[in-house]
Engineer: 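If you scroll down you'll find the structure; I have some questions about it.
Lettering follows sequence order; numbering is per chain, from 1. Just so we're clear, the structure is a prediction, and the values are computed from it rather than from any experiment.
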Amino acid sequence: MDCFSCENHQCIIKKNCRQEKLRSFIQRKATLRCKKGQNFIIEGAPVHGLYFVQNGKVKVAKTGLNGKEQIVRFTGNGETIGHRGFGAGQTYQINAVALENTVLCNFSTDTLKEMLMEVPTLTYELMTFYAEELNRSETKVKKFAQMTVREKVIDALLYINRKFGRTHDLLNLQLSRKEISDFAGTTEEQVIRTLSSLRKDGLIETTGKRIGIKNVELLRKEISEHNYFLDS
DNA sequence: TCATTAACTGTCG
DNA sequence: CGACAGTTAATGA
């Protein structure tokens with residue numbers, strides 16, 4: 001698919017694709033189709049450019065010493081992955097795994113570098129994205145240090161809801177309890193217990209893997225003193 | 001259907 | 001709160 005007919009209007013390439021200077025570069029992009037569970041960026045592997053999600057969902061994570069995983073963020077349509085590869089070092093410091101069948105656009109580092117040199121609006125928008133990412137990262141440090149397990153789980157649920165939405169109260173992103181714990185910074189058992197507790201309180205519904213949020217306002221209220229508005 | 005995987009529970013340090 | 005062990009429920013070949 002070419003960028004002109006792409007529906008992802010928040011994608012920074014899409015936003016700038018009308019610029020004449022970018023025309024030839026955009027033709028150089030590669031399209032990659034990933035199956036569910038595919039690990040298309042491997043921690044420690046050489047950087048092979050920047051990715052944009054054209055269609056699908058991806059988790060970005062770091063692996064600890066004992067095999068413990070820390071999910072950094074989830075990405076959906078139009079979002080950027082692998083941007084840290086631009087900086088120092090020639091290897092990725094993250095893993096990226098497709099959570100469902102996903103189509104990705106890939107630009108090589110060299111191609112993107114040329115594009116950034118040519119088009120200031122593209123460079124500025126990428127810079128804004130880096131700034132937002134840094135803000136999110138800093139906020140997450142604070143949350144991990146100050147939130148209780150229950151608050152961290154609520155925060156994770158609201159994040160998924162903000163990012164992927166829900167249909168008939170059910171979250172549009174299906175995650176295992178383990179994945180929720182890897183994102184929230186706690187353990188699988190704690191997530192299971194917290195979800196049961198939230199269900200008893202009538203705040204959520206669970207049917208197997210699926211989680212339904214019944215009362216967003218009450219959940220939001222529980223973590224309101226922890227800067228929910230920062231949209232991390 | 002049966003075997004494997006994930007969700008859940010109790011308990012202990 | 002996290003880790004371990006054990007049970008029950010869900011999934012998929």
Engineer: Are A/L50 and A/L22 linked, directly or through intermediate hydrophobic residues, by side-chain heavy-atom contacts shorter than 4.5 Å (ILVMFWY only)?
Structural biologist: yes

Engineer: Any sub-3.5 Å donor-acceptor pair from A/S197's side-chain atoms to A/R193's backbone N or O?
Structural biologist: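 Judged by distance alone, no pair lies under 3.5 Å.
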
Engineer: Report, as a single string ordered 5' to 3', how protein heavy atoms within less than 4.0 Å touch nucleotides 4-13 of chain B: B base, S sugar-phosphate only, - not at all.
Structural biologist: ---SBBBB--

Engineer: Nucleotide range of DNA chain C contacted by chain A, 5' to 3', under 4.0 Å to a heavy atom?
Structural biologist: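 First-to-last contact on DNA chain C, by the 4.0 Å heavy-atom rule, is C/dC1 to C/dC4.
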
Engineer: Measure the CG-CG distance between A/N161 and A/L170 for me, rounded to the nearest 0.5 Å.
Structural biologist: 11.0 Å

Engineer: Less than 4.0 angstrom from a charged side-chain N to a carboxylate O is my criterion; do A/D169 and A/R166 meet it?
Structural biologist: yes

Engineer: Ion pair present between A/K178 and A/E188, side-chain N to carboxylate O less than 4.0 angstrom?
Structural biologist: no

Engineer: Going hydrophobic residue to hydrophobic residue with side-chain gaps under 4.5 angstrom, can you get from A/F183 over to A/I223?
Structural biologist: yes

Engineer: Can you list everything that forms a side-chain contact (heavy atoms from CB on, under 4.5 Å) with A/Q93? Sequence neighbours excluded, please.
Structural biologist: A/K62, A/R84, A/T91

